[in-house]
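Structure, as structure tokens:
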Amino acid sequence: MRNNRGVNWFERSKSCLKTDISRDLAHGRAEKRTIMVSEKLDFIDTAQEWVGLNSIIYVESSRWVNRKEQHSKRYYISSLSGCSAAQMGYYIRLHWSIENEQHWHLDVTFDEDGCQVRGS
């Protein structure tokens, strides 16, 4: 991206992006997620070189755990187009739930966290 223009571009363009805000309250924590999707990729110098690149997704999260607030900003690239921000948010959460479930399964089945062998 041109001199970090992408980061600033999302901030400046909030009003014209597909946007969704979701909130969750579970397991003693509250979370608010703002998902923004753009299929306009002209702010990326090399967008045409990314075969299949159709959208950029920006997720801004605020979490409150034990009265402490945490903020994060994440960016994703996708080959999907025509999806709403809510759909993209669903797909992202689905991906990470599968990823987390696999790590839990590996730890329980193979006791990976208990293994002290480390690569060099």
Side-chain angles (χ1 to χ4, degrees):
M1 289 185 222
R2 298 179 190 119
N3 298 325
N4 253 349
R5 267 186 51 200
V7 174
N8 296 327
W9 186 88
F10 268 100
E11 294 294 326
R12 287 191 323 269
S13 303
K14 284 182 181 181
S15 64
C16 65
L17 299 172
K18 296 179 191 176
T19 303
D20 181 65
I21 297 173
S22 63
R23 292 175 173 84
D24 287 321
L25 181 59
H27 307 290
R29 67 178 178 254
E31 184 169 10
K32 175 186 171 189
R33 282 178 302 283
T34 303
I35 298 106
M36 292 181 239
V37 179
S38 176
E39 293 180 7
K40 183 179 179 184
L41 306 175
D42 61 340
F43 66 94
I44 302 173
D45 289 334
T46 58
Q48 68 280 359
E49 295 175 27
W50 288 72
V51 176
L53 177 62
N54 288 315
S55 56
I56 303 286
I57 303 100
Y58 168 74
V59 179
E60 185 175 349
S61 297
S62 298
R63 290 177 36 155
W64 295 267
V65 181
N66 298 325
R67 298 184 180 165
K68 292 183 181 177
E69 192 170 354
Q70 303 168 335
H71 296 279
S72 69
K73 295 179 181 182
R74 298 178 304 280
Y75 297 87
Y76 299 89
I77 60 173
S78 177
S79 61
L80 298 175
S81 63
C83 294
S84 70
Q87 288 172 309
M88 287 295 199
Y90 171 78
Y91 296 144
I92 290 167
R93 290 185 58 78
L94 181 63
H95 167 80
W96 286 112
S97 70
I98 292 168
E99 184 79 16
N100 291 334
E101 184 179 305
Q102 291 300 314
H103 286 286
W104 176 86
H105 183 55
L106 288 171
D107 184 41
V108 169
T109 304
F110 299 109
D111 193 26
E112 280 193 341
D113 286 347
C115 180
Q116 297 301 311
V117 177
R118 303 283 185 240
S120 51

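Heads up: numbering here begins at 1 and tracks the sequence.
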Any idea which heavy atoms bring Ser55 and Met88 closest together, and the distance?
OG-CE, 3.4 Å
Result for side-chain hydrogen bond (donor to acceptor under 3.5 Å, both in side chains) between Ser62 and one of His71, Arg33, Glu69 points to His71
Between CD1 on residue Ile44 and CH2 on residue Trp50, distance to nearest 0.5 Å
8.5 Å
On a heavy-atom basis, which atom in Ala30 and which in Leu25 lie closest, and how many Å separate them?
CB-CD1, 3.8 Å
Of all heavy-atom pairs between Thr34 and Met36, which one has the smallest distance, and what is that distance?
CG2-CE, 4.0 Å
Ser79 to Asn54 - nearest heavy-atom pair and separation
O-ND2, 2.6 Å
Heavy atoms from other residues, nucleotides or ligands near CH2 of Trp64 exceed 12 (cutoff 6.0 Å)
yes
Working to the nearest 0.5 angstrom, can you tell me the gap between Leu17 CG and Ile56 CD1?
11.5 Å
Would you say Ile21 ends up clustered with Tyr58 if hydrophobic residues are merged whenever their side chains have heavy atoms under 4.5 Å apart, either directly or through other cluster members?
no
Salt-bridge contact Glu31-Arg29 (side-chain N to carboxylate O under 4.0 Å):
no
Looking only at heavy atoms, the pair that brings Lys18 and Cys83 closest together is NZ-O, 3.0 Å
Does any part of the side chain of Val37, heavy atoms only, come nearer than 4.5 Å to the side chain of Leu80, both counted from C-beta?
no
Does a donor on one side chain sit under 3.5 Å from an acceptor on the other, for Arg63 and Ser61?
no
Between Gly82 and Gln87, the two heavy atoms sitting closest are O-OE1, 4.3 Å
Calculate, to the nearest 0.5 Å, the distance between atoms CG and CG belonging to Leu41 and Leu53 respectively.
5.0 Å
For Tyr90, does the OH atom have more than 12 heavy-atom neighbours from other residues, nucleotides or ligands under 6.0 Å away?
no
Does any part of the side chain of Arg93, heavy atoms only, come nearer than 4.5 Å to the side chain of Ile35, both counted from C-beta?
no
